[in-house]
Amino acid sequence: MATEILMPALSPTMEEGTLAKWLVKEGDTVSSGDILAEIETDKATMEFEAVDDGTIGKILVPEGTEGVKVNVAIAVLLEEGESADDIEDAAPPSGVETPDEAPAKAPAEAKAPEPEAPAPAPKADTSPDWPEGTEMKTMTVREALNSAIAEEMERDENVFIMGEEVAEYQGAYKITQGLLDRFGAKRVIDTPITEHGFAGIGVGAAFGGLKPIVEFMTFNFSMQAMDQIINSAAKTLYMSGGQMGAPMVFRGPNGAAARVGAQHSQDYAAWFSSVPGLKVVMPHAAADYKGLFKTAVRDPNPVIFLENEILYGRSFEVPVLDDFTIPFGKAKIARAGADVTIVSWGIGMTYALEAAEKLAEDGVDAEVIDMRTLRPMDYATVIESVKKTNRCVTVEEAWPVASVSNHLGAYIMQNAFDYLDAPVINVCGKDVPMPYAANLEKLALVTTDEVIAAVKAVTYRS
Amino acid sequence: MATRKSAAKPNVSAEELMKHYREMLLIRRFEEKAGQLYGMGLIGGFCHLYIGQEAVVVGLEAAAEEGDKRVTSYRDHGHMLACGMDPKGVMAELTGREGGYSQGKGGSMHMFSKEKHFYGGHGIVAAQVPIGAGLAFADKYLGNDRVTLAYFGEGAANQGQVYETYNMAELWDLPVVFVIENNQYAMGTSVKRSTKSPSLWERGGAYGIPGEEVDGMDVLAVKAAGEKAVSHCRAGKGPYILEIKTYRYRGHSMSDPAKYRTRDEVQKMRDERDPIEHIRTMLLNGKHASEEDLKAIDKEIKDVVNDSAEFAKESPEPSLDELWTDIYAKEVPQGEAI
Ligand SMILES: Cc1ncc(C[n+]2csc(CCOP(=O)(O)OP(=O)(O)O)c2C)c(N)n1
Ligand SMILES: [Mg+2]
């Protein structure tokens, strides 16, 4: 049967073009791959090749014609044994498929269903993290993390940890102390200084059925690996239609340490939190480090576990339980109060709690919420608290622009506007790279006094 | 066309030749059809055709064993067909339909098949290289007797993460074959304009990785080199590099005006080095097949491709609530020895 040769789309955006030149004439035999014509798009002149073998029976659109719509028949190709006389009945021009009829585009009126996230907040989960009366033990964040990693490696032999200095050196910050002796070099692996490479190897190992824990010596170096974390780890489940993804944990200290300058003092929480496909955890207390880390290892998704060097040495009470986990997306009311809601996470909690203590002396009863996980986010606990206190201050170490705090503020405005007696204030780090000088660094970071001032402002006491 | 000799001396059976011929022809016809559907607006965005490079994947797949893994770049249609993925599912992914391998959510550059051990389909140049080493890492860890083929272009071969990966792959003896598909161009940049290294496989030497250059227009030579590389890996000797000299006939993607090379250069390759013509001639000269036999095969393959195109046109678009699915997984897939 005679085949119509259609005006091709030669770029993702082309709708029409100029048929600049025919390189064949009626009667010519062509085979697939031969160049038939030159077509000018808005961007370039392109060659147009034959897909089928045959004879050019008729040229329908002469060269030089402008504005030829994509998918309009421009010539007719005859197969072996056909003659030009067959053309009329074989290829009526009305049979031309126009772009409008092509089923490629979604109907214009189609509306995507609403995402679940901004739907009315479900009720806050206020269940305790461990049963009442559980024996408690004082532990540093470092010890809590170390025991969490060891317990998960004990529990599942496909869990392994890799990173720079994690094995023989026992960890740059000693989080992996003793793990090499206990689990051996197969599962506790020193890597060269190659973040992009080993993050990618971790992603591949996760595709291959393992549960990698990838340590970044600090998250500052995760920038080298950003492509693998976002383009490979976070998106593969979606791109594969659910067939495969990267169940793994990227962990390490995040945020400012002390006097290490601009390139080693940054909080990446907002960066990672903006990525669907990633889960983001940023705990403060040792029990949360432990319970959330164990959840992270068992989660079937890539988890960003943001630790803090300054918190590593701090001690907290941790429950003595054989196997203790804390679910993602469950905030903790670290201090109950009635007058104002202070929301924070990670190191920000230090300032939030200190401020709450001082404010209590002034008769302001602050409720302090520790978000613990940033994605998924426990909106319900925040909204319920704000409905009670009618005021909110967020505390975050990161830069103020496009911060997690900005998101929370917008969420509260949208979902609890009528309950607010004052605008939400975001207390963030200053909008500058971290200075080295001790006095300037202090100025750049969030302070307890700034949190107190913000609370006074939203409670109209200043 | 002058008769070409195959570098690998073909103690090859007629069935084998016929199998390679069919597989290469399927890729070529499939890609031509994809180009056509792109022209009709049924395929959108980027679409990178594999025409000219067919012998690379067909030769290497012939060297691989069941359960071996593969991962590649966005120029992935040929790899998927060669490892046995269903042309219908691949074409329907190209048209963004429900029947596609990723239910229309991945597109031309992002397809995966757990069943066929095909791990994508990656859009970031060279990102698949460490991922391939990671797959090999998992196999070694789990005690699986498997090899991973990690394909990347000669352009990708200049990325830093490739060398990070070489170092670790050799350090840890990972069973991964690094396959450099040197088609001589990275978009519009010829290899000579991107490096002064006379050969890319030799760079592995700095890390202790053996390798070799292979004629990628000769499927038998590719297969022979592939067997050597795969058995090196399977014997626990670590990675191997194959720099496969090949050529892409079409533009980098569909919207490439191809001003960086002459039409003659392309035509010369097609006339003198075409991998499908090569096997076709061997089949005819060896009297393993007649013109009629080959015509029948051609027709059979055209039918398969046309069916895939029909399927890809008729499969519905994914349902709108698919927008919100597969962002997070519910269950952790457990790795196991296979
Ligand atoms: C990190 C990154 N940089 C740039 C690009 C844009 N890009 C896509 S393909 C390509 C050329 C790659 O050439 P090569 O590796 O030789 O593979 P080929 O396309 O020839 O198969 C470029 C620069 C990209 N996708 N990712
Ligand atoms: Mg190339």
Side-chain angles (χ1 to χ4, degrees), chain A residues 6 8-12 32-33 35 43-47 51 70-71 97 99 102-104 106 110 112-113 115-116 158 160 186 191-192 194 196-198 200-205 207-211 227-228 231-232 236-245 247 276-277 279 298-301, chain B residues 32 35-36 38-42 44-46 95 101-103 105-106 110 112-114 119-124 127 129-135 137-139 141-142 160-161 164-165 167-168 249 254-255 257-258 270 313 317 320-321 323-336:
Chain A
L6 306 180
L10 296 168
S11 81
S32 80
I35 297 163
K43 295 191 195 77
T45 301
M46 310 264 298
E47 289 168 349
V51 179
V70 166
N71 271 338
E97 197 180 9
E116 267 157 43
N158 286 340
F160 71 96
K186 180 187 179 192
T191 62
T194 50
H196 201 184
F198 70 71
I201 285 182
V203 173
F207 287 1
L210 301 185
K211 290 262 4 188
D227 174 64
Q228 289 292 357
N231 275 318
S232 304
T236 296
L237 187 77
Y238 197 78
M239 296 191 305
S240 71
Q243 287 187 80
M244 64 183 74
K279 294 192 177 180
R298 297 177 200 186
D299 196 279
N301 298 285
Chain B
E32 286 165 354
Q36 196 181 22
Y38 190 95
M40 293 162 70
L42 285 161
F46 290 126
T95 55
Y101 266 97
S102 299
Q103 283 113 62
K105 290 163 72 173
H110 306 301
F112 305 80
S113 168
K114 194 131 214 175
Y119 286 84
H122 296 268
I124 305 297
V129 179
I131 290 174
L135 289 164
F137 179 97
D139 278 330
Y141 186 103
L142 295 168
Q161 55 181 323
E164 301 188 7
T165 303
N167 188 45
M168 286 181 274
Y249 294 175
M254 296 305 294
S255 39
R270 277 179 180 260
K313 285 183 205 166
E317 292 185 296
L320 294 180
D321 39 70
L323 182 64
W324 299 102
T325 65
D326 297 326
I327 295 166
Y328 292 101
K330 300 245 160 32
E331 273 157 42
V332 188
Q334 277 301 313
E336 54 191 69

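None of the values given here were measured: they were computed from a predicted structure. Here is how names work: the chains are called A, B, and so on, in the same order as the sequence lines, proteins then strands, and each is numbered from 1.
The minimum heavy-atom distance linking A/Gly208 with B/Leu142 is given by the pair O-CD1, 3.8 Å. Among all heavy-atom pairs drawn from B/Met40 and A/Asn71, the shortest one is O-ND2, 2.7 Å. Here the closest heavy-atom approach between residue A/Leu10 and residue B/Tyr38 is recorded as C-CE2, 4.4 Å.
With a 4.5 Å cut-off on side-chain heavy atoms, A/Thr236 and A/Met244 count as touching.
The greatest number of non-hydrogen atom pairs below 4.5 Å with chain A, out of B/Ala127, B/Gly44, B/Gly123, is found for B/Ala127. With chain A as the partner, the residue from B/Tyr249, B/Tyr119, B/Phe112, B/Tyr141 showing the most heavy-atom pairs under 4.5 Å is B/Tyr141. Chain A forms the most heavy-atom pairs under 4.5 Å with one residue out of B/Thr325, B/Thr165, B/Asn167, and that residue is B/Thr325. Contact count versus chain B (heavy atoms, under 4.5 Å) is highest, among A/Ala205, A/Gly200, A/Pro276, A/Gly204, for A/Gly204. Note on B/Ser113, B/Ala258, B/Gly106, B/Gly39: by heavy-atom pairs under 4.5 Å with chain A, the leading option is B/Gly39. Interface remark: of the candidates A/Thr191, A/Asp227, A/Val203, A/Asn231, A/Asp227 forms the most heavy-atom pairs closer than 4.5 Å to chain B. Interface summary for chain A: among B/Met254, B/His110, B/Gln36, the most heavy-atom pairs under 4.5 angstrom belong to B/His110. For the set A/Gly242, A/Ser240, A/Ala44, the count of heavy-atom pairs under 4.5 angstrom toward chain B peaks at A/Ser240. The candidate from B/Met168, B/Gln103, B/His122 with the greatest count of non-hydrogen atom pairs under 4.5 Å with chain A is B/Met168.
Rounding to the nearest 0.5 angstrom, the gap separating the CG atom in B/Asp326 from the OH atom in A/Tyr238 is 8.0 Å.
B/Ile124 touches chain A through its side chain: at least one heavy atom from C-beta onward sits under 4.5 Å away, while N, CA, C and O do not. With a 4.5 Å cut-off on non-hydrogen atoms, A/Gln228 touches chain B through its side chain but not through its backbone.
In this structure, A/Lys186 fails the cation-pi test against A/Phe160, since its NZ or CZ atom is not both closer than 6.0 Å to the six-membered ring centre and inside 45 degrees of the ring normal.
Within a 6.0 Å radius of OH in B/Tyr328, more than 12 heavy atoms belonging to other residues, nucleotides or ligands are found.
B/Ser102 places a side-chain N or O within 3.5 Å of a backbone atom of A/Met239 that can act as its donor or acceptor partner.
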